[in-house]
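To start, the structure itself, in structure tokens.
Here the structure is a predicted model, which means the values were calculated and not measured. We number each residue from 1, following the sequence as shown.
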Amino acid sequence: MARLVKSSAPLFVFLVLYTLLVSGVSGNGGGMVGGRAKVSDVKTNKEIQELGRFSVKEFNNHRSTYGKGGEVGELMFSEVVEAQTQVVSGVKYYLKIEATTQSEEKLMFDSVLVVKPWLRSKELLAFEPSIGLRVRK
């Protein structure tokens with residue numbers, strides 16, 4: 001009987017630690033594990049703004065591969081106005097970006113990119129006009 005108690009102690013400790021880990025991850029305000037979490041400090045978050053700038057640069061370099069977004073011509077980055085993150089194999093970012101066309105029209109775009117810091121990689125997956133395309137002045 002004592003032998004059974006000794007062998008189940010590590011399992012008990014593992015289960016307690018696992019439960020604490022899972023509840024800590026899901027209790028951070030981001031919803032369920034693997035779900036999207038809203039970024040609250042978008043306008044002051046330098047990393048988010050830099051990812052928006054990267055998205056527009058990639059779009060400009062490969063406009064023909066982004067479908068409807070390629071019809072607007074070259075864009076100039078203004079700012080990221082909304083952002084969400086999702087933990088995947090890396091971090092997936094969903095950005096709402098304000099950009100200006102060459103004719104100085106402000107438009108909104110939805111961008112999706114994945115960042116894998118351990119590989120030092122950023123990949124733009126999608127860049128498309130938002131449903132509410134024009135920005136009001």
Side-chain angles (χ1 to χ4, degrees):
M1 182 82 146
R3 191 174 196 178
L4 179 63
V5 171
K6 284 183 182 178
S7 64
S8 64
L11 177 61
F12 176 76
V13 170
F14 171 77
L15 289 174
V16 169
L17 290 174
Y18 179 77
T19 303
L20 289 173
L21 177 66
V22 170
S23 66
V25 169
S26 63
N28 66 1
M32 68 180 163
V33 175
R36 291 187 190 185
K38 185 175 182 173
V39 177
S40 60
D41 60 344
V42 174
K43 300 221 179 192
T44 58
N45 188 316
K46 291 180 182 178
E47 179 186 11
I48 295 294
Q49 294 300 319
E50 187 54 41
L51 289 172
R53 192 170 277 108
F54 170 82
S55 295
V56 171
K57 182 179 176 185
E58 282 295 297
F59 167 78
N60 285 336
N61 290 338
H62 308 285
R63 280 194 312 261
S64 63
T65 60
Y66 293 107
K68 293 179 183 177
E71 298 169 2
V72 297
E74 191 162 321
L75 299 172
M76 291 176 288
F77 174 76
S78 296
E79 68 178 340
V80 176
V81 295
E82 290 179 23
Q84 294 179 338
T85 60
Q86 180 181 24
V87 177
V88 291
S89 178
V91 179
K92 190 180 252 187
Y93 291 88
Y94 299 86
L95 308 177
K96 186 170 290 292
I97 299 172
E98 180 182 301
T100 308
T101 65
Q102 291 176 331
S103 63
E104 298 187 13
E105 181 180 17
K106 290 185 178 186
L107 303 174
M108 294 295 265
F109 293 88
D110 294 318
S111 171
V112 180
L113 61 153
V114 173
V115 176
K116 296 180 183 179
W118 65 94
L119 296 176
R120 297 179 188 225
S121 104
K122 292 185 251 183
E123 180 184 3
L124 183 63
L125 303 177
F127 193 95
E128 298 178 346
S130 288
I131 302 280
L133 187 61
R134 286 182 172 43
V135 175
R136 294 182 182 175
K137 294 182 181 181

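- Applying the side chain to side chain contact (heavy atoms under 4.5 Å, CB included) rule to S78 yields the partners E98, T100; only residues at least two apart in sequence or on another chain are considered.
- In terms of the side chain to side chain donor-acceptor pair (under 3.5 Å) criterion, residue partners of S103 (sequence neighbours excluded) are, by chain and number, T101.
- M76 forms part of no hydrophobic cluster, judged by ILVMFWY side-chain heavy-atom separations under 4.5 Å.
- Rounded to the nearest 0.5 angstrom, K57 NZ and H62 NE2 are separated by 10.0 Å.
- For E50, the side chain to side chain contact (heavy atoms under 4.5 Å, CB included) criterion is met by R53, not counting sequence neighbours.
- Ring geometry for F109 against F59 counts as tilted: the plane angle lies between 30° and 60°, on a 0 to 90° scale.
- The stretch residues 75-97 participates, sequence neighbours left out, in these salt bridge (Lys or Arg N to Asp or Glu O under 4.0 Å) pairs: K43-E79, K96-D110.
- Within the model, atoms CG of L51 and CD of E58 stand 11.5 Å from one another, a figure rounded to the nearest 0.5 Å.
- The line from CG of L75 to NZ of K106 is 13.5 Å long, rounded to the nearest 0.5 Å.
- Annotation: side chain to side chain donor-acceptor pair (under 3.5 Å) contacts of Q86 (sequence neighbours excluded): Y94.
- The CD atom of Q49 lies 4.5 Å from the CZ atom of F77; values are rounded to the nearest 0.5 Å.
- The backbone N or O of E74 lies less than 3.5 Å from no partner atom in the side chain of N60, so there is not a single donor-acceptor pair.
- No side-chain heavy atom of F127 sits under 4.5 Å from any side-chain heavy atom of L113.
- Taking V87 as the reference, nothing meets the side chain to side chain contact (heavy atoms under 4.5 Å, CB included) condition, with sequence neighbours excluded.
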Name each donor-acceptor pair under 3.5 Å that joins a side chain in residues 115-125 to protein atoms two or more places apart or in another chain, with its distance.
none

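- Atom CD1 of I97 and atom OG of S55 lie 4.0 Å apart (nearest 0.5 Å).
- Across every non-hydrogen atom of L95 and A83, the tightest pair is CD2-CB, 3.6 Å.
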